[in-house]
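First listed ligand is number 1; within each ligand, the first listed atom is number 1.
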Amino acid sequence: MKHVIIGAGPAGITAAEVLRRLDGEASITVLDGEGELPYARMAIPYMLSGGIGEEGTLLRRDADHYRMLRIDIEKARAAAVDTAAGTVRLADGRVIPYDRLLIATGSVPSRENIEGIDLPGVHTCWTLADARAIVAAVRPGARVVQMGAGFVGCIIMQGLVSRGAELTVLVRSGRVVSRMMPPKASEMIARWCGTQGVRIMGKTQAARLERDGNALKVTLTTGETLPADVYLSVVGVKPGIDFLAGSGIAIENGIVVDEHLRSNVPGVYAAGDVAESRDCLYGKHQVNAIQPNAVEQARIAAMNMVGRDVPFIGSLAINVLDTMGLISNSFGQWEGEEGGTKVEHIDEANSRYISLQFSGERLIGASTVGFTDHVGALRGLIQGKVKLGAWRERLLSDPSLFMAAYLAMSEKLA
Ligand SMILES: Cc1cc2nc3c(=O)[nH]c(=O)nc-3n(C[C@H](O)[C@H](O)[C@H](O)COP(=O)(O)OP(=O)(O)OC[C@H]3O[C@@H](n4cnc5c(N)ncnc54)[C@H](O)[C@@H]3O)c2cc1C
C-alpha cells in the first residue's frame with residue numbers, strides 16, 4: 001500500500017507515525033512544502049520571546065526519527081492532485097502515485113490587499129521562515145506596526161515586546177480577538193495590552209505602505225501616518241487548498257470530510273486545519289484550526305486509511321490564549337444560540353471575566369479571562385452535553401462555580 005501525505009505539520013507527521021505503527025510494510029511519503037524539518041507553528045511565539053531556539057520548534061528532535069520509521073520526507077510542494085489517475089504532481093514536475101492520500105496542508109495566512117504589502121520589512125507570522133525574519137528584524141527600539149489582533153496577533157505580542165519592540169497594533173473591527181471573545185472580554189484584553197506598553201488603535205487599518213528611507217511609512221485609513229521599522233500583517237488564515245482546483249475534492253470553508261475523515265473522493269482523506277469536519281455538539285461542519293484537533297484527526301484518519309473503521313467523535317472549538325500573561329479561553333458555542341440563556345460576570349479590578357452560554361439545561365459555550373485553574377472543567381461540561389438540573393440555576397447566579405458543577409456532574413460525565 002502506498003500512502004502519500006501532503007503536509008509535514010502536526011497532522012501530517014502524526015498520521016505518518018500512526019500509519020507506520022499499523023502497517024510495517026506500507027510505503028509512506030510525506031510532502032513538506034516548506035523545506036524545513038517538520039516543526040510546530042504553535043512553538044513560534046516561544047521562539048520570538050527567546051524562550052526556545054529553532055530546535056525547540058521541531059516536532060521530533062531525533063534526527064534519525066523518520067529514517068528509523070521508514071517515513072520518507074520529500075522536500076517538495078504538491079502542485080496538483082489527479083484523483084482519477086491517483087497521482088500527485090509536484091511543483092518540480094514529478095508525478096507520484098498513491099493508493100491512499102491524506103491532505104494535511106493546514107492554513108495559509110490571508111494577504112492584505114494594499115499597496116506596498118510586498119515591500120521589504122513587511123512580514124506575516126505563520127512559518128518558521130517568518131519567525132526567523134522577525135527575530136532578525138525586531139531589535140530593541142524597533143517600531144513595529146502590527147495589523148490584526150486575532151489569536152495569532154495576540155499570542156505573539158509577548159515575543160515582540162520582550163525583544164524591545166515599540167508595538168502599535170491596528171484593529172480593524174475595534175475589538176481584539178473578536179472571533180473568540182465577547183465584547184467585554186475583548187475590552188479587558190485590549191486594556192491589559194495597554195498596561196503592558198502596547199498601543200492599540202481600534203477601528204482603523206493600513207491603507208498603504210511606502211518606503212521612507214530605511215523605514216516604512218504606514219498610512220492608515222484615517223489618514224494618519226505611522227513610521228515603522230517592521231510591519232506585521234496578521235489578518236487571519238485560510239485553508240491551504242489552492243493546489244486542489246479541478247481535483248473534484250469537495251471544498252467549502254475547508255476540505256469537507258465525513259466522520260471517517262474521508263473526502264468525497266474515495267481514497268482521499270483530510271485532517272487538521274485544512275479539514276472541515278463535524279463538531280461534537282451539533283454535528284455542524286466547521287474548520288477547527290488548533291493543534292490538538294489536527295493531531296486527533298490525523299490519528300483517526302490514519303486508522304481509517306489502513307482499513308479500520310474508526311469514527312471521529314467531532315471537534316470542540318477551544319482556544320486558550322496567553323496575551324502577555326493574561327490568559328483567556330473560549331469553548332464551544334461561546335456566542336451562544338438564538339433563544340439560549342447566558343450569564344456574564346465581570347470583575348474589572350482584577351481583569352477577570354466569565355460568561356456561560358446555555359441551551360436549555362445544557363452548557364454549550366463559555367469564555368473566560370484571568371481564570372487559569374480548572375478551566376478544563378468547562379470543556380468537560382460542554383463536551384459531555386450533560387443536563388445540569390439544579391446546577392443550571394446555581395451557575396446562572398455564580399458562573400465561577402463551574403468546577404463544583406463539574407464535580408457534582410462527574411457521575412453523569414463518566
Ligand atoms: C504563531 C502561531 C501560534 C499558534 N498557537 C497555537 C496554540 O497555542 N494552540 C494551538 O492549538 N494552535 C496554535 N496555532 C495553530 C496551530 O499551529 C495549527 O492548528 C496547527 O499547526 C495545524 O496543524 P496542521 O498539521 O493541520 O497544519 P500546519 O501546521 O499548517 O502544517 C501544514 C503543512 O503542510 C505543508 N504544505 C502546505 N501546502 C503544501 C503543499 N502544496 N505541498 C506540500 N506541503 C504543503 C506546510 O509546509 C506544512 O508542513 C498557532 C499557529 C501559529 C502560526
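Under a 4.0 Å criterion applied to the non-hydrogen atoms of A76, ligand 1 contributes the atoms 43 (C). Contact atoms of ligand 1 toward A289: 19 (O) (distance under 4.0 Å to a heavy atom of the residue). When each atom of ligand 1 is checked for a heavy atom of L31 under 4.0 Å away, the hits are 43 (C), 44 (N). Near A11, with a cut-off below 4.0 Å to any heavy atom, the atoms of ligand 1 are 25 (O), 26 (O). Which parts of ligand 1 touch P292 is read off a 4.0 Å heavy-atom cut-off, strictly below it: atoms 11 (O).
Counting heavy atoms closer than 4.0 Å to ligand 1, residue A104 contributes backbone atoms (N, CA, C, O) but none from C-beta onward. Under 4.0 Å from ligand 1, the heavy atoms of A294 that appear belong solely to its side chain.
The neighbour count for R172 CZ, taken as heavy atoms of other residues, nucleotides or ligands under 6.0 Å away, does not exceed 12.
Of the listed options E36, R41, R77, R41 places a heavy atom closest to atom 2 (C) of ligand 1. By heavy-atom distance, the residue among M47, M42, E74, Q291 lying nearest atom 50 (C) of ligand 1 is M42. Distances from atom 23 (O) of ligand 1 to the heavy atoms of G12, P10, G9 show the closest one on P10. The closest non-hydrogen atom to atom 37 (C) of ligand 1, taken over I13, V287, T105, comes from T105.
Residue-to-ligand polar distances place G33 within reach of ligand 1: an N/O pair is separated by less than 3.5 Å.
Salt-bridge check for E17 with R21: failed, with every basic side-chain N at 4.0 Å or more from each acidic carboxylate O. In this structure, D62 does not pair ionically with R67, as no charged nitrogen and carboxylate oxygen lie closer than 4.0 Å.
For residues 39-48, every residue pair satisfying the side-chain hydrogen bond (donor to acceptor under 3.5 Å, both in side chains) rule, not counting sequence neighbours, is listed here: E34-Y39, E34-R41, Y39-R41.
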